[in-house]
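Let me begin by presenting the structure, written as structure tokens, before commenting on it.
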Amino acid sequence: MGLGLLVVYPTAFLLYGSLYSAPPGDPGSLTAQGYRALGSRENLRILLETFGFALAGSGAGLVLGLALGWVVARTDVPGAALWEAAFTLPLFIPPVLMAAAWGMLAAPRAGLLNAAYRALFGGEGPFNIYSAGGVVWYLVQYSTAFQLSVLTGPLRAFDATLEDAGRVCGASRWRTFWLVVLPVMYPVVSNAFLYSFVRGFESFEGPLLLGLPAGIRMLATQIYEVIHQRHRPDYSLATAMGVVALLLTAPLVGLQWQMQRRGNFVSITGRGYAPKPVRLRRWRWVVCTGCLLYALLVVGLPVGQLVLGSFLRFFGLYGANAWTLQHYQRVLHDPFVLGALRNTLLLGTVGATLSMLLGAAVAYVSVRGRAAGWIRAGVNLLSWVPLLMPGVVLGVAFLWAYAFLPRSISLYGTVWALLFAYVTLCLPVASRVHAGAFAQVSGELEECARVCGANGWRTFWGVVARLVWPSVAVGWILSFVLIVREVSASIMLAAPGAQVLSVSIVYLWGQGRLEEVCVVAVLMLVPVFLGRYLVGRLQRAELQRGSAGG
Amino acid sequence: MRARSGRGIRPVGAVFLLGIAVCLTGGLTGWSAPARDWASVVEAAKREGQLVLYDGHGGAIPTIQFAAERFQRRYGIRVEVSVMRASEAVERVRIEQRAGRPVADLVTVGSTTAWQMKNLDRTLQPIGSLPSERKVSAQIRLQMEAWGIADVMLTEAVQLYGILINTQLVPPQEEPRSWMDLLDPRWRGKLITDDPRAPGGGFVFFAATYRQLGRRYHEVLATQRPFLTRAIAEAANRVARGEFAMMYPFALGLYPRIRELPNVKVSIPREGAPYVFQGVSMPQTVRHPHAARLFAEFLLSEEVQRQLARDYLLPAVAGTILQAPPEVRGLMRTRLWDTTDPPRADELLKVAAEIYR
């Protein structure tokens with residue numbers, strides 16, 4: 001029922017928009033014009049290239065995410081909690097800022113990296129962020145950060161006795177990882193990869209700011225162009241693109257679900273588990289240096305650029321008299337921004353919590369439920385739908401859907417509309433995180449609890465929830481961050497007088513007040529970064545306790 | 001390349017002639033006497049106590065926020081400003097009107113958007129007569145009448161477009177004096193421009209120069225490989241940072257933020273400035289009609305009009321510019337060259353998309 005209202009209802013409006021010659025409320029007729037326009041050579045090329053960019057970004061992200069996740073979760077590398085928090089930091093930076101920061105760093109002429117290269121070696125610098133490579137790099141950063149944050153919890157909880165068994169049989173550490181760890185981790189890995197791939201497929205800000213200048217068009221920027229860059233928005237074409245994105249990516253979800261059903265991925269059983277770290281010995285400081293270099297690359301450079309920007313009189317102009325605190329003073333005294341910050345924190349907290357609860361229910365039904373297979377598959381697919389459609393077009397769908405609710409339901413124009421939209425948008429990540437975690441917990445633990453007289457709720461909270469909470473904590477943070485960063489639906493639905501941070505960033509950006517945007521970014525980064533660090537510490541402490549008890 | 005000579009009467013000339021005709025014949029529909037019961041409008045507005053404004057300029061005109069704060073202070077009427085892109089504001093208003101759930105009482109618009117909302121979406125209502133509407137300059141009123149949108153859009157200012165120059169990258173002797181100078185091959189790859197393929201300043205420039213200088217001008221300009229963007233404020237920042245030598249068209253409303261920087265200056269070529277009217281419109285059905293009208297009237301008040309001038313926008317109320325700071329007056333005393341033709345916007349946007357691929 002909840003899924004129907006949150007997901008099916010707005011999707012129905014998208015479908016309607018794609019098959020009707022006019023947007024909802026205007027007279028028109030049934031037409032396939034939008035779909036016909038999609039078949040042009042140009043649009044097909046864009047679809048193919050979008051697929052390629054998403055695959056490159058998520059593939060590289062998976063490799064890096066797994067490698068770095070393994071290092072911080074399974075080894076005794078110094079400062080693991082700090083590295084983990086640092087590697088996931090790109091997730092907390094609004095994409096528009098990340099793109100701007102890289103523009104500052106690697107713009108062909110004025111980029112700092114190119115300036116440094118010129119100073120050292122002369123000639124023109126080799127970096128050009130406005131290129132296909134720049135777009136892929138942008139996607140890789142987010143993909144790595146996302147996959148790493150999803151994978152570290154399960155990697156940390158992985159029962160080391162399974163690895164030991166592999167080693168006893170004579171397999172090398174790499175072979176053990178490939179043949180034992182990875183197959184058992186399949187649900188989490190495939191969920192993380194698929195989620196990341198689809199987010200890359202629908203990525204917007206990076207392709208808009210870094211790709212379009214180089215003539216690179218991706219699906220989301222094309223939809224944006226169709227809606228916002230024409231005198232009359234072509235909603236039938238835009239919504240048709242959204243529906244086609246859904247149709248192209250839905251089979252991947254189905255395939256992944258089928259493969260997941262066939263396997264056994266349990267690593268946490270009633271026999272106890274032992275997540276002991278791998279000792280790196282003499283490689284310890286080499287790996288630590290590698291972590292430092294990667295952190296410097298994906299965090300130090302862009303975040304450093306943003307932090308510098310927040311103290312600069314004018315972002316990008318350096319000199320003796322270039323530094324100031326006035327942007328902090330302005331932002332901290334701006335009632336518009338402060339109100340938006342308050343609303344965002346409230347909506348983020350409530351929205352992330354609700355979406356995690358709903359995600360848990362959805363994942364439990366699809367992974368653990370005893371309903372018929374097609375019902376479980378349907379619930380699983382529905383939970384993916386908000387992710388399978390580009391945010392630009394989904395924002396319009398929410399607008400249409402909430403405006404045309406029955407008169408007795410006054411959702412439109414209130415802060416509740418945003419909350420509903422946020423819960424819907426977070427549902428894919430919330431259910432993915434839960435599904436991956438549930439798939440690793442043996443059903444025998446629940447059966448044991450039931451035998452001991454616990455009812456369904458008590459079994460869930462007392463057994464399953466206690467085991468999966470490290471992953472759930474990360475899922476909550478990811479959902480919170482998604483809400484804080486969300487732009488498309490926020491702009492369409494933000495209630496007058498109840499603005500949110502992402503909209504105020506658009507407002508500041510629209511005025512060219514990039515330094516104040518940097519201040520907002522820094523204000524956003526500090527608490528979330530600290531929260532992420534503390535959750536990592538708590539997870540480790542909890543696992544060590546579990547390990548000792550097990 | 002030679003500028004194409006215009007055939008027939010040019011828009012500015014037509015407006016001038018129309019102005020004389022109007023003066024002789026005694027007025028236009030929008031010139032009706034101010035409402036006698038304006039005091040009752042003010043009282044009703046105070047009773048409504050609230051107003052929702054969709055700022056479709058995306059926050060690019062800071063005067064809107066200034067006006068909202070001053071209005072609230074003066075009348076005690078709360079103004080909720082929602083900042084968004086023009087296309088989002090238009091769609092929000094459209095869907096609210098169709099669904100019968102009005103939220104916006106006013107929406108900030110340019111003349112092309114107002115024309116679209118009136119004639120294509122049919123989502124606007126006449127603002128009605130305001131005590132200060134006669135103060136709006138005759139040139140603006142006549143042009144609005146010519147487009148048939150004088151009843152649904154109150155113009156509070158005119159946005160002028162020039163060229164933003166990075167003085168470290170463009171020596172004084174090489175600064176463009178004419179819009180034709182942008183075609184000089186030395187600027188290839190060094191120009192950033194507001195995307196002409198989308199409604200906005202870039203399109204205003206495209207429409208004006210397409211009419212004044214012809215298609216060939218843009219075909220050659222496109223070969224200069226200008227960097228197309230819709231992030232216009234950031235584009236200005238990028239010129240200041242030295243990523244590009246020049247930005248065109250540069251909306252003068254963006255200038256206050258960067259004018260203190262030592263390495264930028266604005267130039268308006270000798271032909272004159274492309275321009276666009278900026279104002280507010282009222283959706284068909286609103287919840288606070290009196291507050292909306294009072295705010296529209298307030299936009300023509302002396303304090304808001306002066307602030308517009310300080311923000312480098314040409315105030316709509318004739319004569320206000322004379323009270324502006326000298327550096328503003330210097331730029332604003334330029335010739336208003338040409339603007340968009342709202343009914344032809346769709347057709348010209350397609351041409352722009354053909355040329356700038």
Side-chain angles (χ1 to χ4, degrees), chain A residues 23-26 96 100 103-104 107-111 130 208-209 212-213 215 224-225 227-233 235 313-317 335-336 395-396 399-400 402-405 407 410-413 488 491-499 503-504 506-514, chain B residues 50 52-55 57-60 62 65 78 80-88 90-92 94-101 103-104 112 116 120-121 195 197-199 203 227-238 240-244 254 257-258 260-261 263 345-346 349 357:
Chain A
D26 281 4
V96 71
M104 293 287 302
R109 275 186 295 273
Y130 303 109
L208 182 78
L209 296 178
L212 273 188
Y224 177 83
E225 197 269 331
I227 294 179
H228 296 294
Q229 307 281 77
R230 295 187 182 178
H231 185 218
R232 300 288 293 163
Y235 285 111
R313 219 170 278 283
F314 186 84
F315 191 53
L317 293 189
F336 184 78
V396 174
L399 177 76
W400 290 349
Y402 295 163
F404 282 105
L405 277 168
R407 302 285 300 173
S410 294
L411 197 61
Y412 181 83
S488 300
I491 280 210
M492 284 298 190
L493 299 171
Q499 291 296 351
V503 176
S504 69
V506 170
Y507 166 70
L508 294 172
W509 179 271
Q511 290 192 327
R513 291 152 66 183
L514 203 52
Chain B
Q50 195 187 347
V52 174
L53 172 74
Y54 285 173
D55 182 10
H57 298 323
Q65 196 62 42
R78 196 152 50 95
E80 306 287 8
V81 180
S82 289
V83 181
M84 58 194 80
R85 287 176 284 231
S87 53
E88 283 150 355
V90 168
E91 180 57 10
R92 272 179 85 149
R94 191 196 68 79
I95 203 77
E96 285 169 13
Q97 296 300 311
R98 300 291 189 269
R101 292 182 191 272
V103 174
T112 304
Q116 171 194 333
L120 305 178
D121 291 348
D195 194 336
R197 301 166 300 180
F203 176 64
F227 189 102
L228 310 183
T229 181
R230 286 294 289 129
I232 53 170
E234 177 55 7
N237 292 344
R238 294 176 75 176
R241 290 198 291 261
E243 287 183 49
F244 295 92
L254 294 171
R257 217 192 86 77
I258 53 172
E260 301 293 340
L261 297 175
N263 60 341
D346 214 15
L349 279 165
R357 291 178 184 278

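Below, all heavy atoms of this structure are taken into account, side chains as well, without hydrogens, waters or symmetry copies. Lettering follows sequence order; numbering is per chain, from 1.
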Self-check item: Partner chain B: residue of A:Leu493, A:Leu212, A:Leu508 with the largest heavy-atom pair count (under 4.5 Å)
Solution: A:Leu493
Quiz prompt | Best-contacting candidate, B:Glu80, B:Gln116, B:Arg257, against chain A by heavy atom pairs under 4.5 angstrom | solution = B:Arg257
Quiz prompt | Residue part contacting chain B, namely of A:Ile227, when any heavy atom lies under 4.5 Å | solution = backbone
Exercise. Give, as side chain, backbone, both or neither, the part of B:Phe203 having an atom under 4.5 angstrom from any heavy atom of chain A.
Key: neither
Quiz item: Contact part of B:Leu228 toward chain A, heavy-atom cut-off under 4.5 Å: side chain, backbone, both or neither?
Solution: neither
Self-check item: For the student: nearest non-hydrogen atoms of A:Tyr412 and B:Arg101, plus distance
Solution: CB-CD, 3.8 Å
Quiz item: Is it the side chain or the backbone of B:Gln50 that comes within 4.5 Å of chain A heavy atoms, both, or neither?
Solution: neither
Exercise. Provide the closest heavy-atom pair for B:Glu243 versus A:Ala107 in the form atom of the first, atom of the second, distance.
Key: OE1-CB, 3.8 Å
Quiz item: Considering only heavy atoms, which portion of A:Ser504 lies under 4.5 Å from any heavy atom of chain B: side chain, backbone, both, or neither?
Solution: neither
Exercise. Against chain A, label B:Val81 side chain, backbone, both or neither, depending on which of its atoms sit under 4.5 Å from a heavy atom there.
Key: backbone
Self-check item: Qualifying residues under salt bridge (charged side-chain N to carboxylate O under 4.0 Å, His left out), relative to B:Asp346, sequence neighbours excluded
Solution: none
Practice problem: Select one option (side chain, backbone, both, neither) describing which atoms of B:Thr229 are under 4.5 Å from chain A's heavy atoms. | Solution: neither
Exercise. Would you name the heavy atoms of A:Gly512 and B:Asn237 that are closest together and state the gap between them?
Key: O-ND2, 3.1 Å
Self-check item: Structural part of B:Ile258 lying under 4.5 Å from a heavy atom of chain A
Solution: side chain
Self-check item: Those residues that, when tested against A:Arg232, pass salt bridge (charged side-chain N to carboxylate O under 4.0 Å, His left out) (two or more places apart)
Solution: B:Asp121
Quiz prompt | Least distance between heavy atoms, A:Leu399 atom then B:Glu91 atom | solution = CD2-CG, 3.8 Å
Quiz item: Hey, what do you get for CZ (B:Arg92) to CD1 (A:Ile491), rounding to the nearest 0.5 Å?
Solution: 9.0 Å
Practice problem: Looking only at non-hydrogen atoms, find the nearest pair between B:Val103 and A:Gly413 and report the distance. | Solution: CG2-CA, 4.4 Å
Exercise. Would you mind checking which part of A:Tyr130 comes under 4.5 Å of any heavy atom in chain B, side chain (CB onward), backbone (N, CA, C, O), both or neither?
Key: side chain
Quiz item: Is it the side chain or the backbone of B:Asp195 that comes within 4.5 Å of chain A heavy atoms, both, or neither?
Solution: side chain
Exercise. Of all the heavy-atom pairs spanning B:Arg94 and A:Pro23, show the shortest one and how long it is.
Key: NH2-CB, 3.2 Å
Practice problem: Considering only heavy atoms and a distance below 4.5 Å, find which of B:Leu349, B:Leu120, B:Leu254, B:Val90 pairs most often with chain A. | Solution: B:Leu120
Quiz prompt | Most chain A-contacting option - heavy-atom pairs closer than 4.5 Å, from B:Arg78, B:Arg238, B:Met84, B:Arg357 | solution = B:Arg238
Quiz item: Please walk me through it: do B:Glu88 and A:His228 pass side chain to side chain contact (heavy atoms under 4.5 Å, CB included)?
Solution: CA-CA 8 Å; B:Glu88 283 150 355; A:His228 296 294; 3.5 Å; yes
Quiz item: So what's closer than 4.5 Å to chain B heavy atoms on A:Arg313: side chain, backbone, both or neither?
Solution: neither
Exercise. With a 4.5 angstrom heavy-atom cut-off, could you sort out which part of B:Arg85 is near chain A: side chain, backbone, both or neither?
Key: side chain
Quiz item: Does B:Arg241 reach the side chain of A:Met104, with side-chain heavy atoms less than 4.5 Å apart?
Solution: yes
Practice problem: Using non-hydrogen atoms and a 4.5 Å limit, figure out which bit of B:Ala240 sits close to chain A: side chain, backbone, both or neither. | Solution: both
Quiz item: Quick one: does B:Leu261's side chain get under 4.5 Å of A:Phe314's, heavy atoms only?
Solution: yes
Exercise. Determine whether A:Pro24 and B:Arg98 make a side-chain contact, defined as any pair of heavy atoms from C-beta on separated by less than 4.5 Å.
Key: no
Quiz prompt | Side chain / backbone / both / neither for A:Gln499 at chain B, heavy atoms under 4.5 Å | solution = side chain
Quiz item: Checking A:Leu208 against chain B: side chain, backbone, both or neither under 4.5 Å from a heavy atom?
Solution: neither
Exercise. Would you mind checking which part of A:Tyr402 comes under 4.5 Å of any heavy atom in chain B, side chain (CB onward), backbone (N, CA, C, O), both or neither?
Key: backbone
